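Taking it in order: structure first as structure tokens, then the write-up.
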2 protein chains.
Amino acid sequence: MRPLFHPAPEDLQTSAILHALADPNRAAIFANIMRAGCVEACSALSAVGDRVIPKSSLSNHFKVLREAGLIRSERHGVEMRNHARWAEVEARFPGLLVSILNAYAGEGPRMEDGAAERPPAPIPPDNGSSV
Amino acid sequence: MRPLFHPAPEDLQTSAILHALADPNRAAIFANIMRAGCVEACSALSAVGDRVIPKSSLSNHFKVLREAGLIRSERHGVEMRNHARWAEVEARFPGLLVSILNAYAGEGPRMEDGAAERPPAPIPPDNGSSV
DNA sequence: TTCGGAAGTTCCGAACTTCCGAACTATGGG
DNA sequence: CCCATAGTTCGGAAGTTCGGAACTTCCGAA
């Protein structure tokens, strides 16, 4: 399998980040990873609300998040460990992630009516997800 | 021509806003409207950098921005007057627009290498663009 | 070592979206 | 009325996304 590509912090692009987070499924996945700081296994997130996301779509969602620079994924045995690259993105685009996640959290049960059933996470954890 | 559709403030959706602004051309158009508060004529914005955007594409970009609730368009004679709906969006999603525009402005001459040739507008004008 | 299962990726066709030229529709002026 | 101007709609080509089936990789058990 091709080694995973992660953009350098200075290569982060606003348009890629917005595009990645413009999909409610991906935003929900990312919000989960932010909340947890690190999530093991893509399949841990294979449902948004009550809708099951097929493996291939999930794999693609993770790829989009990864290539936008929002998460860092590393193989750990048979599964994937995904970290939010919160600190790096925040350093380059201050306030961007917080306001986007807040916007989704504050928008009511609309986000594919599933991502708002769990408690909103307005302020992300500041655990050092950088590196 | 069909009367123009504008979503109500409570119908604004984060995903639609992010999708609208994920396109660098549209983001540049929107940044211009924000900077000016109000822009007359779509064709006033028909070039981003040195690239000319065809009329039909422009019309579509304006439609996407309008239907995301980012701008309000009204016919004024033969041309269109476009206002940023800054106050309404800000009221519902505080900080969102500012951090997105800041992200683009701070990203260097990359945004289709044209939108950064003019001075960045980190903080939007607070002229009452609501209504 | 070999088998089997679990986790992800790749492939590829169907469905959807975006782009842009050409034709069309409003609006105002002469 | 006719023309010019400013935008919109149509429609086809090109590109993107979605998801099922098949494939790869890794690990534990026999």
Side-chain angles (χ1 to χ4, degrees), chain A residues 1-6 13 15-30 32-33 38-68 71-83 112 114, chain B residues 1-6 13 15-30 32-33 38-49 51-68 71-83 112:
Chain A
M1 263 156 218
R2 201 195 287 88
L4 304 169
F5 171 71
H6 294 90
Q13 288 193 230
S15 59
I17 291 175
L18 297 186
H19 174 254
L21 294 179
D23 180 301
N25 285 337
R26 279 195 296 259
I29 290 171
F30 181 65
N32 270 301
I33 297 177
C38 167
V39 159
E40 325 208 349
C42 295
S43 43
L45 296 171
S46 58
V48 173
D50 51 0
R51 175 164 145 57
V52 173
I53 304 178
K55 281 200 318 178
S56 57
S57 307
L58 251 195
S59 178
N60 191 49
H61 285 326
F62 275 92
K63 181 175 164 206
V64 171
L65 290 171
R66 181 165 58 241
E67 300 192 344
I71 62 175
R72 183 180 301 283
S73 316
E74 14 179 295
R75 257 169 212 304
H76 251 257
V78 77
E79 53 184 44
M80 212 67 155
R81 199 157 295 175
N82 295 285
H83 304 259
E112 208 90 327
Chain B
M1 262 157 219
R2 201 194 291 90
L4 303 168
F5 171 71
H6 294 91
Q13 288 193 230
S15 58
I17 292 175
L18 297 186
H19 173 252
L21 295 179
D23 180 301
N25 285 336
R26 278 194 299 257
I29 290 170
F30 181 65
N32 270 301
I33 297 177
C38 167
V39 159
E40 326 208 348
C42 296
S43 42
L45 295 171
S46 58
V48 173
R51 176 163 144 57
V52 173
I53 303 177
K55 279 201 320 179
S56 55
S57 307
L58 250 196
S59 178
N60 190 50
H61 286 326
F62 275 91
K63 181 175 165 206
V64 171
L65 290 170
R66 186 187 322 120
E67 299 192 344
I71 63 177
R72 182 180 302 282
S73 316
E74 12 178 299
R75 228 168 229 308
H76 251 254
V78 77
E79 52 184 47
M80 213 66 157
R81 198 158 296 175
N82 295 285
H83 302 259
E112 208 91 326

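Computed from a predicted model, the values in this text were never measured in an experiment. Numbered from 1 within each chain, the chains take letters A, B, ... in sequence-line order.
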**Request:** State which of C:dA7, D:dT8, C:dG21 makes the closest approach to the side chain of A:E79.
**Result:** C:dA7

**Asked** Between atom CG of A:L4 and atom CZ of A:F62, what is the distance when rounded to the nearest 0.5 Å?
**Response** 12.0 Å

**Item:** Pairing partner (Watson-Crick or G-U wobble, both distances under 3.5 angstrom) of C:dC16
**Value:** D:dG15

**Request:** May I ask you to say what A:H76 touches in the nucleic acid, namely base, sugar-phosphate or nothing, with a heavy-atom cut-off under 4.0 Å?
**Result:** nothing

**Asked** If only side-chain N and O atoms of B:H19 are considered, is one of them under 4.0 Å from the OP1 or OP2 phosphate oxygen of D:dT16?
**Response** no

**Item:** Listed nucleotide nearest any side-chain atom of B:V78, set D:dC26, C:dT27, D:dG7
**Value:** C:dT27

**Fill in**
When rounded to whole Å, the CG to C1' distance for the pair A:N25 and D:dC18 reads 11 Å

**Complete:** Scanning all shown strands, the Watson-Crick or wobble mate of D:dA29 with both distances under 3.5 Å is C:dT2

**Message:** Measuring from the side chain of B:P54 (C-beta onward, heavy atoms only), which nucleotide among D:dC18, C:dT9, C:dC20 has the closest atom?
**Reply:** C:dC20

**Message:** Output the rounded distance in Å from NZ (B:K63) to P (C:dC19).
**Reply:** 13 Å

**Prompt:** Rounded to whole angstroms, how far apart are CD on A:E74 and C1' on C:dG8?
**Reply:** 16 Å

**Request:** Mind running side chain to side chain contact (heavy atoms under 4.5 Å, CB included) on A:F5 and A:R66 for me, showing each step along the way?
**Result:** CA-CA 7 Å; A:F5 171 71; A:R66 181 165 58 241; over 6 Å; no

**Request:** Taking only the side-chain heavy atoms of A:H61 (C-beta and beyond), determine which of C:dC20, D:dC18, C:dT9 contains the nearest atom.
**Result:** D:dC18

**Message:** Measure CD1/A:I53 against C1'/C:dG8 and give the value in whole Å, please.
**Reply:** 15 Å

**Complete:** Separation of D:dT8 atom C1' from B:L58 atom CG, nearest Å, is 12 Å

**Message:** Just by distance, no angles: are the side chains of B:H83 and B:R72 close enough, under 3.5 Å, to form a donor-acceptor pair?
**Reply:** no

**Request:** With the side chain counted from C-beta on, respond yes when B:S73 and B:H6 share a heavy-atom pair under 4.5 Å apart, and no when they do not.
**Result:** yes

**Item:** Distance below 4.0 Å between A:S59 side-chain N/O and C:dT9 OP1 or OP2
**Value:** yes

**Request:** Answer yes or no: is there a side-chain heavy-atom contact under 4.5 Å between B:L21 and B:L65?
**Result:** yes

**Asked** In whole Å, what is the span from the CG atom of B:N60 to the P atom of D:dC10?
**Response** 13 Å

**Request:** Look at the side chain of B:S56 and decide which nucleotide, out of C:dC19, C:dG21, C:dG8, has an atom nearest to it.
**Result:** C:dG21

**Request:** Could you tell me the separation between the CZ atom of B:F62 and the C1' atom of D:dT8, rounded to a whole number of Å?
**Result:** 13 Å

**Request:** Once you apply the 3.5 Å cut-off to both distances, tell me the Watson-Crick or G-U wobble partner of D:dA6, or none.
**Result:** C:dT25

**Request:** Among D:dA6, D:dC18, C:dC19, find the nucleotide with the atom closest to the side chain of B:K55.
**Result:** D:dA6

**Prompt:** B:R66 or A:R26: which one's nearest nucleotide on DNA chain D is closer to the 5' end?
**Reply:** B:R66

**Message:** Return whichever of A:G77 or B:S57 has its heavy-atom-nearest nucleotide of DNA chain D closer to the 5' end.
**Reply:** B:S57

**Item:** Length of the CZ-P vector between B:R75 and D:dT5, whole Å
**Value:** 17 Å

**Complete:** Correct closest heavy-atom pair for A:I53 and A:N25 would be CD1-CG, 4.1 Å

